[in-house]
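Worksheet: the structure to be examined is printed underneath.
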Amino acid sequence: MSTMEDVASFRLRARAWLAENMPRIDPDAAARPPGDDDEEWTKARELQQKLHSGGFAGICFPVAYGGLGLTPAHQEAFTEESLPYQMPLLLNVPTFSICAPTILDMGTEEQKTSRIGAAIRGEEILCQFLSEPSGGSDLAGLITRADRDGDTWVLNGAKTWSTSAYAADWALCLARTDWDAPKHRGLTMFLMPTKAPGVTMNRIRQVNGSTEFCEEFFDDVVLPASAVVGEVNDGWRVASRQLFHERTAVGGGSPYVSGRGDRIASTPASDPLEIARVTGRAGDPAVRERIGAYLTTQKVQEQLVERVSRGIQGGQLPPPAASFMRLLHAEADWERNDIAVQIAGALATTGTGGAVVGVNYLMRQGASLGGGSTEMSRNIISERVLGMPREFAADRDIPFGQVKRARG
Ligand SMILES: Cc1cc2nc3c(=O)[nH]c(=O)nc-3n(C[C@H](O)[C@H](O)[C@H](O)COP(=O)(O)OP(=O)(O)OC[C@H]3O[C@@H](n4cnc5c(N)ncnc54)[C@H](O)[C@@H]3O)c2cc1C
């Protein structure tokens, strides 16, 4: 039996390999919205391929599916060493932190071997087809349908807000397969090619100019029986696992990501300390006080992520406790954005470097929606962690086909 390399020696090996092989961070690349152009995705795939050929990809994924089978402590050591270097951060969410772990937990052997292995090798990107134009919070109320036709499934409907779907190869797609069952019990999860015949994908332009979100329309998209993840009509169990990984990822507690943060949060243009230096306000007592508040929240967030992650892993906390991390992430992100604008002042809209602060601010509310809204997090914490009474739902236990809903 082979013994696991200890974290200290893994760290030293990673440090030497990174210095030798990975390009250093390019400060000029930080100003664009992330995930917006094909070049960036090509670059992310190349960086991932480098990590893979160097033997540093998929650190916490099992060896059987192409990973290294190491611990979160190994991953954290690698991440710390990787901070000065360009990393394939675009692949962290949702490919590695949400989709791949969901396939790992719920997929068939074939799905695990093919999709997780290809993602780790930097050959494939994954995305999520969950939210629909009729609403995302009530995910179990979705109306995209999958009808059985012999050995195949035929999908019709629409999805929206799919992060970076245009760059992805495969999607986890939740659809309704039984309209006579109550809403949570008639759903099935599918693993589908994003470019399957019958899929029309459009990019959505956001207020900050980014076009990384997509919407998809399905017209008789045919999928094989082997596309089902988990069991037919048991898709809510798969989706619940996916949402757990999503909240953990959004909250910053996923052991499957390499490198720190999404690109916006990790750019100097978003860092209040850097903004204070650039604008010459680092000595201003009011600015220092705000930076103190920001740094305190960062520390609290780090500690909370560690405590909640350990609690869930050790069974002292139930998986819905991941919502604590998700909630604090949103609050910390709002604070960072607010303080950045307060420090930059008028420069947030007019200055060259400062203008990025203003553009980033336009996405301030994104942190309270992506990964499920903060209101839904509070509902989950109250109902499923604190054991408070469940919110009233008029459609509970009613066959979904009989539930009254607005016609779109
Ligand atoms: C950055 C980002 C990335 C995303 N990535 C993806 C992705 O890759 N794939 C995907 O499928 N979706 C994605 N989404 C969509 C996201 O999952 C939805 O925005 C989210 O679930 C909320 O759904 P909605 O926008 O339809 O708002 P709605 O569900 O219409 O909600 C509107 C408002 O009402 C509140 N509300 C609704 N129900 C309740 C309730 N029961 N109690 C209290 N308040 C309630 C909500 O909190 C919200 O404030 C992303 C969104 C963002 C911002």
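Ligands are counted one by one from 1 in listed order, and the atoms in each one are counted from 1 as well. Note: hydrogens, waters and symmetry copies are ignored here, and every other heavy atom, side chains too, is used.
Checked by atom type and distance alone, the side chain of Ser323 never pairs as donor or acceptor with a backbone atom of Arg326 at under 3.5 Å. Looking at Thr95, its side chain does come within 3.5 Å of a backbone N or O of Leu126 through a donor-acceptor pair. Using a distance-only test at 3.5 Å, with no hydrogens or angles considered, no donor-acceptor pair links the side chain of Glu216 to the main chain of Phe129. Judged purely by atom type and a 3.5 angstrom limit, Lys159 has no side-chain atom pairing as donor or acceptor with the backbone of Cys173. In terms of modelled atom types and a separation under 3.5 Å, the side chain of Ser210 and the main chain of Gln206 share no donor-acceptor contact.
Looking only at protein heavy atoms, the nearest one to atom 2 (C) of ligand 1 is Phe213 CZ, 3.3 Å. Annotation: atom 47 (O) of ligand 1 to nearest protein heavy atom, Ser373 OG, 2.5 Å. Ranking the protein heavy atoms by distance from atom 20 (C) of ligand 1 puts Leu369 O, 3.7 Å first. The shortest contact between atom 13 (C) of ligand 1 and any protein heavy atom is with Trp161 O, 2.9 Å. Shortest contact from atom 9 (N) of ligand 1 to any protein heavy atom: Gln128 O, 3.1 Å. Among protein heavy atoms, the minimum distance from atom 52 (C) of ligand 1 is reached at Gly370 CA, 3.3 Å. The protein heavy-atom contact nearest to atom 49 (O) of ligand 1 is Glu375 OE1, 3.4 Å. Protein heavy atom nearest atom 28 (P) of ligand 1, with residue, atom name and distance: Ser137 OG, 3.6 Å.
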Could you go through the salt bridge (Lys or Arg N to Asp or Glu O under 4.0 Å) check for Glu306 and Arg310 one step at a time?
CA-CA 6 Å; Glu306 197 180 324; Arg310 279 208 196 150; 2.9 Å; yes
How far apart are the C-alpha atoms of Glu40 and Lys43, what are their side-chain angles, what is the distance that settles it, and do they pass the salt bridge (Lys or Arg N to Asp or Glu O under 4.0 Å) test?
CA-CA 5 Å; Glu40 272 187 291; Lys43 176 95 194 190; over 6 Å; no
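Note: an N/O pair closer than 3.5 Å links Gly136 and ligand 1 by distance alone. Polar contact check, Thr163 against ligand 1: a nitrogen or oxygen pair lies under 3.5 Å apart. Any N or O atom pair closer than 3.5 Å counts here, and Glu132 shares no such pair with ligand 1. Between Ser131 and ligand 1, a contact under 3.5 Å exists for at least one N or O pair.
Using a 4.0 Å cut-off to heavy atoms of Ser162, the atoms of ligand 1 that qualify are 7 (C), 8 (O), 9 (N). Within ligand 1, the atoms closer than 4.0 Å to a non-hydrogen atom of Asn379 are 40 (C), 41 (N), 42 (N), 43 (C), numbered from 1 in the order shown. Interface atoms of ligand 1 facing Gly135, defined by a heavy-atom separation under 4.0 Å, are 26 (O). Near Gly366, meaning under 4.0 Å from any of its heavy atoms, are these atoms of ligand 1: 53 (C). Atoms of ligand 1 found under 4.0 Å from any heavy atom of Leu130, numbered from 1 in the order shown, are 11 (O). Those atoms of ligand 1 with a heavy atom of Met376 less than 4.0 angstrom away are 38 (N), 39 (C), 40 (C), 41 (N).
The only option from Glu302, Gln303, Gln301 that meets the side chain to side chain donor-acceptor pair (under 3.5 Å) definition with Lys299 turns out to be Glu302.
Distance check for atom 33 (C) of ligand 1: every protein heavy atom is found at 4.0 Å or beyond. Protein heavy atoms are found inside the 4.0 Å sphere centred on atom 37 (C) of ligand 1.
Taking the six-membered ring for Trp and thresholds of 30 and 60 degrees, Phe61 and Phe96 have ring planes inclined between 30 and 60 degrees apart. By the 30° and 60° cut-offs, the orientation of the rings of Phe10 relative to Phe56 is tilted.
Summarising the local packing, CZ of Arg237 is surrounded by 12 or fewer heavy atoms from other residues, nucleotides or ligands at distances under 6.0 Å.
Of the heavy atoms in Glu391, only side-chain atoms (C-beta onward) come closer than 4.0 Å to ligand 1.
Salt bridge Asp178/Arg145: absent, no basic N to carboxylate O contact under 4.0 Å.
In this structure, Pro182 and Pro399 have side chains that are not in contact, with every pair of non-hydrogen atoms separated by 4.5 Å or more.
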